[in-house]
Amino acid sequence: MATPRSFSASGPLRGTITVPGDKSISHRALMFAALAVGESVIDGLLEGEDVLATAAALRTMGATIEKRSDTWHVWGVGVGGLLQPQPALDMGNSGTSTRLLMGLVASHPITATFIGDASLSGRPMGRVIEPLSTMGADITASPGGRLPLIVRGICPAIPIEYRLPVASAQVKSAILLAGLNTPGITRVIEPVAARDHSERMLAGFGAELTVETDSAGVRTISIRGETELRPQNITVPGDPSSAAFATVATLLVPGSSVTIANVGMNDTRAGLYKVLREMGGEIVTTNLRTVGGEPVADLIVHHSALIGIEPLPEIAATMIDEYPVLFVAAALANGRSVFRGIEEMRVKESDRIAVMAKALTDCGARVEELPDGLIVEGTGGDLLAGGATVATHLDHRIAMSMTVAGLVSRTAVTIDDMSPVATSYPGFEESLRALGVA
Ligand code: S3P
């Protein structure tokens with residue numbers, strides 16, 4: 001059921017919040033634990049719908065996954081031990097669950113049908129079908145390489161060396177996961193570094209994995225298959241992609257000052273924070289530490305006058321999910337911002353370039369859509385007109401980004417459906433209320 005909500009110009013945001021666990025790390029923690037032999041314990045797991053879809057799928061393939069008070073306990077089946085799932089695997093809205101689990105199934109002697117909601121069923125799976133088919137899996141997809149699709153895994157699969165045609169951590173991880181149960185060495189060559197949680201965590205679980213980076217920054221990740229994973233205790237840091245919304249709202253609303261504690265600051269994820277600082281945003285990183293093999297910090301954010309920016313396309317992979325809310329920041333900045341080289345945004349939960357261009361235009365912002373990006377003329381700090389109803393197209397990040405736009409709009413902005421927010425940020429509206437948003 002659609003849950004509409006309206007947001008309008010807010011008084012200052014003040015206080016301290018934490019955000020839920022990192023979505024990417026949570027998926028991986030469950031998957032790797034499900035392949036280890038013995039009990040893993042996960043603290044801080046994101047209990048969003050996407051991650052729960054991963055947990056449900058892993059259970060139907062034999063893993064035991066239980067929540068006991070605040071921690072999650074996983075008893076894995078061992079690499080090669082996944083069982084034939086009986087019902088179709090319902091991936092809901094989650095591209096990460098789908099693509100990574102397709103990799104897992106591909107090198108097991110099982111067959112799985114993947115289904116999902118309308119948003120997920122429109123997303124391209126050819127990017128994983130191609131390498132996994134080369135490894136020997138037999139994949140039958142709906143027209144355009146989409147869901148519903150069936151993966152008939154093969155054991156033993158064939159190890160491959162695969163150069164990623166797009167910067168995608170999901171494709172990289174799908175191949176590495178397939179490689180876990182494949183004899184010999186599977187290699188992924190990554191010309192542009194995408195998030196590296198799989199590499200970090202697989203190494204922690206005892207996988208034989210190496211990463212070499214050449215002088216041009218091209219990474220080669222090699223994994224030796226048919227190894228055993230050792231169960232781990234994992235602490236999941238707060239999600240920098242979720243912290244992005246309170247960060248931008250704080251920068252934009254005059255008088256605001258907010259601390260967001262325990263945020264993952266992995267370089268392959270933290271591009272937004274760099275760019276916002278270059279725009280003049282006051283974001284102080286304190287208490288930098290390492291938690292579960294990942295850098296984590298507390299962020300102290302103050303309202304700041306922002307200036308327009310043209311980020312280098314090379315940084316896109318480190319902030320690909322954060323562009324929608326960055327567009328909102330640019331809409332209030334002083335001057336023009338130009339975002340290019342981000343065509344990948346068109347194949348996320350929605351076409352995020354087109355959807356944000358329409359939503360911001362309807363709210364009175366001056367934007368121009370480009371095939372590979374967006375130009376935004378900022379107001380120099382003046383409120384947007386607002387007054388629009390935003391179509392979120394089952395996309396959580398559109399809903400949350402346009403909520404932030406509502407907080408800096410003269411007339412209320414209505415979000416047609418906040419329910420997709422539950423995929424990644426349960427408690428989003430409570431976080432805003434805790435900071436004083438009425
Ligand atoms: C993710 C990778 C990214 C990102 C997604 C999560 C992951 O997708 O947009 O939200 O956990 O690996 P791509 O691999 O398609 O870039």
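Atoms within a ligand are numbered from 1 in the order they appear, just like the ligands themselves. Side chains are part of it too, since the values below use all heavy atoms of this structure and drop only hydrogens, waters and symmetry mates.
Between Ser24 and Arg195, the side chains place a donor N or O and an acceptor N or O closer than 3.5 Å (distance only, hydrogens not considered). There is no side-chain donor-acceptor pair under 3.5 Å between Glu66 and Trp75.
Counting heavy atoms from C-beta outward, Asp298 and Val263 have side chains that stay 4.5 Å or more apart.
At least one N or O atom of Ala169 sits closer than 3.5 Å to an N or O atom of ligand 1.
Atom 1 (C) of ligand 1 has its closest protein heavy atom at Gln170 NE2, 3.6 Å. The protein non-hydrogen atom at the shortest distance from atom 14 (O) of ligand 1 is Ser168 OG, 2.7 Å. Protein heavy atom closest to atom 4 (C) of ligand 1, with residue, atom name and distance, is Asp321 OD2, 3.3 Å. Protein heavy atom closest to atom 3 (C) of ligand 1, with residue, atom name and distance, is Lys348 NZ, 3.8 Å. What sits closest to atom 6 (C) of ligand 1 on the protein, heavy atoms only, is Thr96 OG1, 3.4 Å. Among all non-hydrogen protein atoms, the one lying nearest atom 11 (O) of ligand 1 is Ser24 OG, 2.7 Å.
Salt bridge annotation for Asp196-Lys172: absent, with no cationic side-chain nitrogen under 4.0 angstrom from a carboxylate oxygen. Between Arg397 and Glu322 there is no salt bridge, since no side-chain nitrogen of the basic residue lies less than 4.0 Å from a carboxylate oxygen of the acidic one. Under 4.0 Å is where a charged nitrogen must lie from a carboxylate oxygen, and between Glu47 and Lys67 at least one such pair does.
Of the heavy atoms in His27, none comes closer than 4.0 Å to ligand 1.
The closest approach between Arg28 and ligand 1 falls below 4.0 Å for a heavy atom of the residue.
In this structure, Arg230 places its CZ atom where only 12 or fewer heavy-atom neighbours from other residues, nucleotides or ligands lie under 6.0 Å away.
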